[in-house]
Structures are given as C-alpha cells and as structure tokens.
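To start, the structure itself, in structure tokens.
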2 protein chains.
Amino acid sequence: MARRQLPPLNALRAFEAFGRHGRMTLAAEELCVTHGAVSRQIRQLEDHLGVALTEGPRSRLRMTEAGLKLAQALTPAFDQIAAASPRRAPDGPRPLVVSCLPTFAMKWLIPRLPGFQATHPEIPVRVAESNGPFDFKADGVDLAIRMRPIGDDRSDDSEVTPFMDHFHGPVMAPERARAGMDLAEVLALPRLLTRTFVESWSDWALGLAVEDLPAPASEQEFDHYFYMLEAAAAGLGVAIGPWAFVQRDLASGRLVAPLGFIPGRSRIVALTPIEGGSPRALAFRDWLLAEGASTPLPPQAACDSRGGR
Amino acid sequence: MARRQLPPLNALRAFEAFGRHGRMTLAAEELCVTHGAVSRQIRQLEDHLGVALTEGPRSRLRMTEAGLKLAQALTPAFDQIAAASPRRAPDGPRPLVVSCLPTFAMKWLIPRLPGFQATHPEIPVRVAESNGPFDFKADGVDLAIRMRPIGDDRSDDSEVTPFMDHFHGPVMAPERARAGMDLAEVLALPRLLTRTFVESWSDWALGLAVEDLPAPASEQEFDHYFYMLEAAAAGLGVAIGPWAFVQRDLASGRLVAPLGFIPGRSRIVALTPIEGGSPRALAFRDWLLAEGASTPLPPQAACDSRGGR
DNA sequence: CGGGCCATGTGAAGAAACCTCACAGAGACC
DNA sequence: GGTCTCTGTGAGGTTTCTTCACATGGCCCG
C-alpha cells in the first residue's frame, strides 16, 4: 500500500556526503558525527539495497559504479530540499556571505577557513555554493569566488581581484597510470567531463598548443566536478583536474597526474561590489590573496607545450 | 562547517506524504505508522523551521502557503531519490503492474484496491504512478489507466477499454463559495492550473459552449493535480476538478463545487496489450469496468450548457 | 442543542535507532 | 619495521521515534 519504498533517509544523507567528500572521515565532519556513525549508516544502506556502494581497501575507499550513480542523483535531490526549506533567521550577527563554486569550496576554501577564523574570530562566514551568476544585493552576497579568463578583469558592478593562478592537467586512478606515460596514451583513455566546465579538455589542449584532440575511447559526463573526480579515482577514466581541486588527492595517492599540470587560461578571482564593499569583505579578500600566494605551485609539468614524449 | 543544514529528513518525508494526501491519517497509512507519529513529525518540522505549515481546525486541516511551497518541492525530490535507489528483486510472484496517473491512483484506484484483492487474493498488484507515455514491454506494464478523448479508441499496440466517464467542474474552498454563485463570479476568482493537464479550463469552457474565457484575476500553476486540489482546499483559488478526484473531498466538505459538474470530452480508459494480454490483466480490466459502473455520478450540474444564471 | 462522528493533539512509557568510545585491522609511506 | 591514516566493529548509553489511550474541537444530524 505504501506509495514509495524509500531507503532510510539518514543513511542516504550520510552516503551522499561520503560521495561528495570521497572519505567517510570528511563526511562525518560535515554531519557533525563520528566516522563510525557514517560507516554504520553506509553499511545499513548497502544492506538495505543489497548493492555494494563502496569498494577497495579501507584506507583508500572508493565508490562503485552503482554508488556513484546513486550519489549523483542524491546530491541534486538534497540540494532541492535544502533550497526549499525555509531557515529561521539566525540570532547572531549577519555572517559574511561568500558565494563560491561548490568544488572549490570543498577542496580548497573550507579546509582553509579555520585559518581565517583564527585571525578574524569576530567575522562569521557562511559559504554559499553556486555555479551560476549571482547578484550582490538580491542574494545577499558579500564576496564571490569565480573563474575568470586572464585579462577579463573588468566588470560593471564588481571589483575583480585575482588571487590564485589556475593550473590543470589530466588526473586518473593510480591503476590506470604507467610510469613514463605519454600524451597519446592519456588521450586514448575514456574521458570524464563535467557539465559545469565542459571546455576543460579543449582548454587544456589549447594550453598544449594542440589544435584538435583525437576522439577518446569513450566519454562520460557528470553534473558536478567532485563526482567527476571521484569517478577518476574509481578508475572510470581520466579527467582534467584543476590543481587546486586535486592537490590533496594527489598527495594522498588517490589520484595521479602523469603529465603534470600546465597554466590554464583563467585565474581564480574574488568579486566584491564596486562600491560599498564592506570592510569585512575586504578583509576576506586580503586573506584570500595571502592564502593564494602561499598555496604551493604544482610540480613541474612533465609534458610541456611541445606535447608528447 | 556543515555544508547544509537540512531539516530532519523523516519529518520531511512525513510532511510530504501529508501534503499529497491532505490528511494526516492517510499519510500515516502510507508510511505504515499511526497518525500520532505523523502529527509529531510535522510538529517537529514546524518547530525546526519556525514556520507554520498547517492551519485550520483539526478536523479540517489545510496547508499554509509556506507548507504548500515546501511540499511541492519535496515531492519531486523524493521521487528522484526513489527513482535512483535500486530495489532488490522481490521474492514473491511477479505482481500485476498497473500504470496510472498519480492523482487517479491516490484518489480513486488505491482506495478501491482492497476490493480487488478480496476477489482475487492470488493476484498481487503494484501501482506504478506515471503521467507520460509507457511501453508495455520495456516498463513491464501489464495494464495502464489513462485519459482518452471520446472516440479515440483505436491504438496500434493496445486495446482501449473505457470504464468510466469523466465529469469536471470548478471546485474551491467552502469559504470562497456563496450560495447561488454564478459563472461570472467563479471566473473572476484566481484560477489554479496543473502542469499535467493545462487544458482543463478551456476544456471545461468548451463543454459549456463558451468560446473565450474572460481573463482571470490571477493564475497559479502546480506540478501535480493533488497540489492544485490542496491549493483549492487552502482557499488559494478555484480549480477544475475531475469528479473522480474530488468526490471524497466534496463529501467531507473540504471542497465545494457551486456550479456542479459537466461531462468532459474524455473518458477514463484501461489499456491492455493488443495481443497476449495476460488473464490477470483482463481480470483487472473487468474489475475496473464493474467499479466504474458502480461509481456514483456527480450531482446534477447547477450550471448547464446555457451558462451563467 | 446535544449526541455521534471524525480527525488531530498529547502524556507517558516502551521500542528502536542512533551515536560514541575504544580498539582492531589493513594499507601506505618512510 | 614503525608509524600514520582511514575504516570496521563490539558494547553500551542516549536520543529519538512510536504507540496506546484518551482529550479536544469542529461538523453533522436529528
């Protein structure tokens, strides 16, 4: 008689967070619980569905294809729920609202936020994740972080402050890579794309001074950057990963970048209202500049603009 | 640090079910819990959000506008989750799959299903709710229920069996209605539409031999029939309601139909595969015919084809 | 107008789910 | 081999959810 037979919702939420972060420990942090709780929830979900959602050794867990598919559907569903749920007005002072690309927030900004809080404990920060355009006034945004082509630093209603260069390169699971892999080999692998930045491959090729990329073995498109990167980690193919997004996964060995990284045609910029940028927003911008300057640069590209071996 | 601050998910599920059914008791039945549990969940959700989601006396509860907005967003989100969640294969015999319009399922078919089960306990039935086209083989559908214009009883791949006539008329909350209300008064009210049947008003006007409807005070469109009807019950305006869908709400007084009902240009039909319709599907079709014949007809239309007073 | 009916609100107690703590196992890296 | 990181798990406590039974309040009908 039940119209729907939904899996346990809390387990779905836990798995969705795991899907985005790629590690239970991080998902647990987001949900404000211990890693054990997340482990149990995901286990419960797998039992309920009768499908393996994770695979690999405990120390380097990845999603199965079924898991990736489920997580990709869950993220927009929960986003929709979050967007539709009115929030009661907070008691404290209005936080500084920073609009940011979701993956940049997760992989770069949020891990560094405690540093900002340490220097400016009086400024509460709220990160609003968004890919698209925004309006300072209508959306209550104080500062936005976006990608901008180099040179395109003019805007009618915002001041553009580049604070970090953008390097990118092909990344994949260690099992797919070989020592001394060359360009042709990489291009022969299945390619992974993200809908939020479909030009990634052509942009990267342009940086290599390669006009036309050969057709790939296959292509697969994802709705979000982080799912594309998780798919790469799961061994489904090769993705163009921005240095800032994959730095930690490279360090931990979940991903490798056999061709290294090259500078992209964009920079990561902070946007502030052209007039009346609040002191708090300017303080945040200054902190971004300092953090950008102290972020390590990628290793020397193993494959420079001459291409191939 | 939490990326999202989602309300309690189980409370959202309870409220979503309440939103579709319009009554806690029915929602509780769907969720296989008692009405008290649903009542508490919704109360918890209202406390969490700090927003009233329901209003009106206990015996005739309705959603507030905020509640309607939330419920409308939750339904597709949960649908998406349900669609993405793989289900383990059931143990028992393959059930008879009946594809049906969601609102017809909820308001007419499901309340009568126990009657079918009583006569045919050996045939398990699964109701698959769907608005769109379907494929008997690809979707595993044994029988489908759809609306069909009268006379359009031919089909390449299915046998069409009309089993119930379609009557419709404007319905609204009792507070919006007056005794002796006439056509002009009804047409002056805010109009409610549903995306799944946008022609409802023009179809109804055609039945009245009225060529052009005057522009309404305002229009509001909903994604589902049942939300449009809930909006009508909440007093947001007037909707064209099919007799089969609103019969129970009229009986209970949640809705009134001051102009009565007139025959529509469609009939409700059962579709079975043109060849190899299983005996189980035919048994179900026969049962539909009997149920359709025994469904009471609407009261005499207070407003016939001459229109107005 | 009073009794019956229906649907929801609620107190208290029991049931279920969840979380934490602490430790174990398993790779990875040096 | 030692150490670090991350996940799996047993036991036990805590919170949350449900149920049952009854109360409340509106509607209908005679």
Side-chain angles (χ1 to χ4, degrees), chain A residues 6-15 17-19 21-48 52-64 67 111 173-175 230 233 248-256, chain B residues 2 6-15 17-19 21-48 52-64 67 173-175 230 233 248-256:
Chain A
L6 285 174
L9 294 174
N10 293 317
L12 289 173
R13 168 166 51 186
F15 178 68
F18 167 74
H21 289 101
R23 294 213 306 272
M24 290 197 188
T25 310
L26 296 181
E29 205 171 292
E30 171 179 315
L31 300 171
C32 303
V33 294
T34 60
H35 74 91
V38 174
S39 170
R40 283 180 149 73
Q41 293 278 28
I42 293 179
R43 174 63 182 282
Q44 184 202 351
L45 184 59
E46 289 184 321
D47 287 351
H48 181 93
L53 300 171
T54 61
E55 64 183 356
R58 293 199 254 218
S59 54
R60 191 169 289 181
L61 211 56
R62 300 172 315 198
M63 280 190 281
T64 61
E175 303 90 75
E230 288 304 313
R248 286 164 169 249
D249 286 327
L250 292 171
S252 76
R254 273 170 47 95
L255 290 172
V256 295
Chain B
L6 286 174
L9 294 174
N10 292 316
L12 288 173
R13 169 167 49 186
F15 178 68
F18 167 73
H21 289 102
R23 294 214 308 271
M24 290 196 189
T25 309
L26 295 180
E29 203 171 292
E30 172 179 317
L31 299 170
C32 304
V33 293
T34 60
H35 75 90
V38 173
S39 169
R40 285 180 146 76
Q41 293 277 27
I42 292 178
R43 174 63 183 280
Q44 183 203 353
L45 184 58
E46 289 185 320
D47 287 351
H48 180 93
L53 299 171
T54 60
E55 65 182 357
R58 291 199 259 221
S59 55
R60 193 169 289 180
L61 212 56
R62 299 173 315 198
M63 280 190 280
T64 61
E175 305 90 74
E230 288 305 312
R248 285 162 170 251
D249 287 325
L250 293 171
S252 75
R254 273 171 45 95
L255 289 172
V256 296

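In what follows, every chain begins at residue 1, and chains take the letters A, B, ... in the order their sequences are listed.
Remark: A:Arg40 CZ to A:His35 NE2 distance equals 10.0 Å, nearest 0.5 Å.
Contact of the A:Glu230 side chain with the A:Arg254 side chain is registered, since non-hydrogen atoms from C-beta on lie closer than 4.5 Å. Residues B:Arg43 and B:Asp47 have side chains in contact (heavy-atom distance under 4.5 Å, counting atoms from C-beta outward). Residues A:Phe18 and A:Leu53 have side chains not in contact (no heavy-atom distance under 4.5 Å, counting atoms from C-beta outward).
Straight-line distance from the CZ atom of A:Arg254 to the C1' atom of D:dC6: 11 Å, rounded to whole Å. Counting to the nearest Å, the P atom of D:dT9 and the CD atom of A:Gln41 are 15 Å from each other. Protein atom CG of A:Leu26 is 8 Å distant from nucleotide atom P of D:dT7, rounded to whole Å. For the pair A:Arg40 CZ and D:dG12 C1', the interatomic distance rounds to 11 Å; values are reported in whole Å. Separating the CD atom of A:Glu55 from the C1' atom of D:dG8 is a distance of 17 Å, rounded to the nearest angstrom. Distance CG (B:Leu61) to P (D:dG26): 13 Å, rounded to an integer number of Å. One interatomic measurement links the two molecules: CD of A:Glu29 to P of D:dT5, which rounds to 14 Å at whole-angstrom precision. In this structure, the NE2 atom of A:His35 is 10 Å from the P atom of D:dC6, given to the nearest Å.
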Checklist entry - Passes salt bridge (charged side-chain N to carboxylate O under 4.0 Å, His left out), B:Arg62 versus B:Glu175? Steps please. => result CA-CA 13 Å; B:Arg62 299 173 315 198; B:Glu175 305 90 74; 2.7 Å; yes

Next on the checklist: side-chain contact (heavy atoms from CB on, under 4.5 Å) for A:Val38 and A:Thr25? Distances and angles first, verdict last.
Outcome noted: CA-CA 8 Å; A:Val38 174; A:Thr25 310; over 6 Å; no

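Under 4.0 angstrom from either OP1 or OP2 of D:dC27 there lies no side-chain N or O belonging to B:Ser59. Residue B:Thr34 places at least one side-chain N or O closer than 4.0 Å to OP1 or OP2 of D:dT19. Of the side-chain N and O atoms in B:Gln44, one or more sit less than 4.0 angstrom from OP1 or OP2 of D:dC17.
The nearest pair of heavy atoms linking B:Pro7 to B:His48 is CA-NE2, 3.6 Å.
Along DNA chain D, the nucleotide nearest B:Arg58 and the nucleotide nearest A:Phe18 are compared for position; the residue whose nucleotide lies closer to the 5' end is A:Phe18. Both B:Asn10 and A:Pro57 lie near DNA chain C, and the one whose nearest nucleotide falls closer to the 5' end is B:Asn10.
You can see that DNA chain C meets the heavy atoms of chain B within a 4.0 Å-exclusive cut from C:dA7 to C:dA12, reading 5' to 3'.
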